[in-house]
Peer 1: 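Starting off with a structure, shown below.
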Amino acid sequence: MNASTPLNLLPEVVDFLAASPLKAVVGGRDTDALDGGTFATLDPGTGEHLAHVVSMQAPDIDLAVQAAAKAFPAWSALHANERAVLIHRLADAIERRKPIIAQIEALDAGKVVSQAQNDVQVCVDTLRYFNNMALHVQRRTALPVSGHDAWTMRHAWGPCGFIFPWNFPFLLIGWGVSPALAAGNTVVIKPAEDTPLSALYLAHIAREIGFPDGVINVVTGTGPSAGAALAAHPGLKRFSFTGSPEVGRLVGAACGNNLTPCKLELGGKGAAVVFDDVDVEETARRLAVAITTHAGQVCCDATRWLVHERIYDRFVSASVTCLEQITVGYQMDSASQMGPVVNAKQKARVLGYLERGREEGARMLLPGGALDLPGRGGFYVKPALMAGSLSNIAAREEIFGPVAYLAPFKDERQAVDMANATDYGLANSVWSADLKRASRVAECMVAGNSWINAHNVFPHGVPYGGVNRSGAGGGVNSPETLFDYWRSQSVVRPH
Ligand code: NAD
């Protein structure tokens, strides 16, 4: 980090970064890579160096899985109440340090600080949600079977592997590992190489509050080395991957090779279907907020806005007005509503889709493009709106930036067909004052999640996951997720 950067960083954040090169945490110990390798993580808002982090390879990953396996018998044997005390203590400690973690996350991921604070709170709430639920689940269930004594048992699996992407690093750790820990499993977490810092800070907190060594291990490194080694490790009993469909296929294949059950939470190309009985300006405003949250780097965003032809022109003009008013700026400035994208590659990806979409005939309702902020480097783009045929590449592929693609529809049937004309199946929304129609359309959408008069809604207890190119294996955030982290065993004795 450039010392001249005028940031009001908390002293704890400065101290944390000053310990660079930052070490992985394996078996409760700060750990270097065996080959001494490190990589740099950058501030996306300036392009400047934040810290070096150890870069692990297969032999390092093997040690982390061994540490998780060693910690498993004692952790899983704890009485549920004893484990719950430790997990609640962890949630409380994270909550107390929310401002610190939010700054670390904002710096590393390019996320505006208020959003980063929200992400930290979601992690805390998720830890508490699964922890409380685990206390009330019967682990032994008698079965009413004629002529036999029979029952089922729920056992924790063992060490579980997790690979996370860079867009919601801390929130997704909460969604991922909370049910695994509450059920009595130990975890090995690999954060994305663009955003390793908040995961490492979490491991420090866990150690400080007395979490047993080896229950939470954080390994850092690149996808093709550390990630691939973790996915292929035969010592893991369950695996969870969140990221792109392309890497999801590799991880799924590696887990399949070991017959390790694997959840895949992948990308999306969601639609918002907007009927002609909505408040046009308010709906446009809310979709504009959704597509610019974290610079549109949100898997479940509405990236295709399908609008009834009667209100289409008004909706376009309201959307353009809203997006033009979004303040794009450095993520650490409180006035910024949208920060940078995560890195130069992601910036080039967004600009490339604008270019290719235009070449294929899309109309640019709001051109978007690169944004240079005076006095800053960083990776900024402007919000963009495109329109035209849904066969356009920008309407078909996940851009992962602040870009929405609009198209008009005539009637309900056509709207549903257009929403479902995608290889993805993560999340869509339907907007209408007619709740009967809205429910009908919501139920016809081929995706894991449909929202009505809202977009990006995640109350705990509602399952969240994708189908088709968006995911496989069960999703997150619901009671079922906790049960996924117990293996079932039946015991039978004939009379
Ligand atoms: P990515 O697939 O490139 O990387 C995700 C993770 O996989 C990173 O930790 C990376 O290091 C690792 N990785 C890369 N190559 C690997 C390999 N060969 N083997 C094992 N691991 C490897 O994704 P990204 O660019 O970090 O994230 C964006 C993607 O994530 C988007 O597609 C987005 O929609 C998706 N996403 C989905 C959800 C969800 O809940 N469904 C949530 C957030 C993000």
Side-chain angles (χ1 to χ4, degrees), residues 39 41 44 53 55-58 61 108-111 119 122 126 161-176 188-196 198-199 218-233 236 239-255 257 262-270 293-303 341-343 345-350 397-401 422-427 447-449 456 458 463-478 481:
F39 65 95
T41 183
V53 177
S55 184
M56 297 183 125
Q57 311 286 337
I61 301 302
D108 206 18
K111 191 173 278 248
D119 290 2
V122 171
T126 311
F162 292 85
I163 294 179
F164 293 110
W166 44 259
N167 61 342
F168 286 85
F170 204 73
L171 178 152
L172 290 173
I173 288 178
W175 278 10
V188 182
I189 299 169
K190 197 208 85 68
E193 48 271 55
D194 283 294
T195 55
S198 58
V218 176
V219 293
T220 47
T222 67
S225 57
L230 189 62
H233 202 292
L236 294 168
F239 208 89
S240 169
F241 170 82
T242 312
S244 62
E246 295 72 25
V247 178
R249 276 200 188 92
L250 299 177
V251 170
C255 289
N257 203 35
C262 177
K263 274 177 192 274
L264 300 172
E265 313 293 335
L266 309 176
K269 191 70 188 177
T293 296
H294 198 24
Q297 301 165 117
V298 181
C299 52
C300 46
D301 246 337
T303 51
V341 295
V342 74
N343 56 25
K345 187 173 158 209
Q346 193 61 23
K347 179 172 176 178
R349 177 184 170 100
V350 174
E397 297 189 5
E398 186 182 38
I399 299 174
F400 229 49
T422 173
D423 297 335
Y424 289 96
L426 188 52
N449 317 275
N456 294 342
F458 307 100
Y464 173 74
V467 299
N468 299 333
R469 223 173 122 79
S470 292
V476 297
N477 240 354
S478 75
T481 319

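Remember, it's 1-based here, ligands and their atoms both numbered in the order they're listed. Note that the structure is predicted; figures quoted are calculated from it, not measured. Keep in mind that the numbers below use all heavy atoms, side chains included, and drop hydrogens, waters and symmetry copies.
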Peer 1: Where is the nearest protein heavy atom to atom 37 (C) of ligand 1: which residue, which atom, and how far?
Peer 2: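 Here the nearest protein heavy atom works out to Leu266 O, 3.1 Å.
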Peer 1: Are any of the N or O atoms of Ser470 closer than 3.5 Å to those of ligand 1?
Peer 2: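 In this structure, Ser470 places no N or O atom under 3.5 Å from an N or O of ligand 1.
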Peer 1: Say whether Tyr464 and ligand 1 are in contact under the criterion: heavy-atom distance to a ligand atom below 4.0 Å.
Peer 2: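 Distance cut 4.0 Å: Tyr464 passes for ligand 1.
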Peer 1: Below 4.0 Å, non-hydrogen atoms only: which portion of Ser244 touches ligand 1? Side chain, backbone, both or neither.
Peer 2: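 Both the backbone and the side chain of Ser244 come within reach of ligand 1.
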Peer 1: In terms of residue, atom name and distance, what is the protein heavy atom nearest to atom 18 (N) of ligand 1?
Peer 2: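 Sorting protein heavy atoms by distance from atom 18 (N) of ligand 1 puts Leu250 CD1, 3.7 Å first.
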Peer 1: Under 4.0 Å from atom 4 (O) of ligand 1, can you find at least one protein heavy atom?
Peer 2: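 Flag for atom 4 (O) of ligand 1 set to false, no protein heavy atom closer than 4.0 Å.
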Peer 1: One residue to check: Asn167. Relative to ligand 1, which of side chain, backbone, both or neither has a non-hydrogen atom less than 4.0 Å away?
Peer 2: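 Under 4.0 Å from ligand 1, Asn167 contributes side-chain atoms alone.
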Peer 1: Quick one: does Phe400 get an N or O within less than 3.5 Å of an N or O on ligand 1?
Peer 2: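 There is no such contact.
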Peer 1: Among protein heavy atoms, which lies nearest atom 35 (C) of ligand 1, and at what distance?
Peer 2: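 Checking every protein heavy atom, the shortest distance to atom 35 (C) of ligand 1 gives Gly243 O, 3.2 Å.
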Peer 1: Can you tell which of Arg469, Glu398, Glu246 gets a heavy atom nearest to atom 34 (O) of ligand 1?
Peer 2: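 The residue whose heavy atom sits nearest atom 34 (O) of ligand 1 is Glu398.
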Peer 1: Do the two ring centres, one from Trp166 and one from Phe400, sit under 6.0 Å apart?
Peer 2: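 When the ring centroids of Trp166 and Phe400 are compared, they turn out to be within the sub-6.0 Å range.
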Peer 1: With only distance considered, is Trp175 within less than 3.5 Å of ligand 1 through an N or O on each side?
Peer 2: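 Not met; the criterion fails.
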Peer 1: Suppose we measure from atom 13 (N) of ligand 1 to each protein heavy atom; which comes out shortest, and what is that distance?
Peer 2: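 Protein heavy atom at minimum distance: Gly223 CA, 3.3 Å.
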Peer 1: Could you check Asp301, Leu266, Asn449 and say which one makes a side-chain contact (heavy atoms from CB on, under 4.5 Å) with Leu426?
Peer 2: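 The option that passes is Asn449.
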Peer 1: Specify side chain, backbone, both or neither for Leu172, according to which of its non-hydrogen atoms lie closer than 4.0 Å to ligand 1.
Peer 2: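 Side chain only; the backbone of Leu172 stays clear of ligand 1.
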Peer 1: With only distance considered, is Lys190 within less than 3.5 Å of ligand 1 through an N or O on each side?
Peer 2: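 Right, the criterion is met.
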Peer 1: Is it true that Trp166 lies under 4.0 Å from ligand 1, counting heavy atoms only?
Peer 2: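 Right, Trp166 reaches ligand 1.
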Peer 1: Side chain, backbone, both or neither: which part of Val476 comes within less than 4.0 Å of ligand 1 when only heavy atoms are counted?
Peer 2: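 The answer is neither.
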Peer 1: Does Trp175 have its ring centroid less than 6.0 Å away from the ring centroid of Phe168?
Peer 2: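 For Trp175 and Phe168, the ring centres are not under 6.0 Å apart.
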Peer 1: Within 45° of the axis and under 6.0 Å from the centre of the six-membered ring of Phe241, does NZ or CZ of Lys190 qualify?
Peer 2: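 Judged by the rule, Lys190 and Phe241 form no cation-pi pair.
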Peer 1: Who's the nearest protein heavy-atom neighbour of atom 27 (O) of ligand 1, and how far?
Peer 2: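 Checked against all protein heavy atoms, atom 27 (O) of ligand 1 sits closest to Pro165 CB, 3.2 Å.
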Peer 1: Checking a contact table here: which protein heavy atom is nearest atom 36 (N) of ligand 1, and how many Å away?
Peer 2: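 I find the closest protein heavy atom is Cys299 CB, 3.6 Å.
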Peer 1: Side chains of Glu265 and Leu172: closer than 4.5 Å at any heavy-atom pair?
Peer 2: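 When only atoms from C-beta onward are counted, Leu172 and Glu265 do not touch, as no gap falls below 4.5 Å.
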Peer 1: Do me a favour and list the nearest non-hydrogen protein atom to atom 10 (C) of ligand 1 with residue, atom name and distance?
Peer 2: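 Answer for atom 10 (C) of ligand 1: Glu193 OE1, 3.5 Å.
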Peer 1: So which protein heavy atom does atom 9 (O) of ligand 1 come closest to, and at what separation?
Peer 2: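 Going atom by atom, the protein heavy atom closest to atom 9 (O) of ligand 1 ends up being Phe164 O, 2.7 Å.
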Peer 1: Any side-chain to backbone donor/acceptor pair from Lys269 onto Glu397? Under 3.5 Å, distance only.
Peer 2: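 Checking the backbone N and O of Glu397 against the side chain of Lys269, a donor-acceptor pair under 3.5 Å is found.
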Peer 1: Between Gly465, Gly161, Ala228, Ala231, which one has a non-hydrogen atom sitting closest to atom 19 (N) of ligand 1?
Peer 2: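 Considering heavy atoms of Gly465, Gly161, Ala228, Ala231, the nearest to atom 19 (N) of ligand 1 sits in Ala228.
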Peer 1: Within the side chain of Thr220, is there an N or O that forms a donor-acceptor pair under 3.5 Å with the backbone of Ser55?
Peer 2: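 Here the side-chain-to-backbone pair does not exist.
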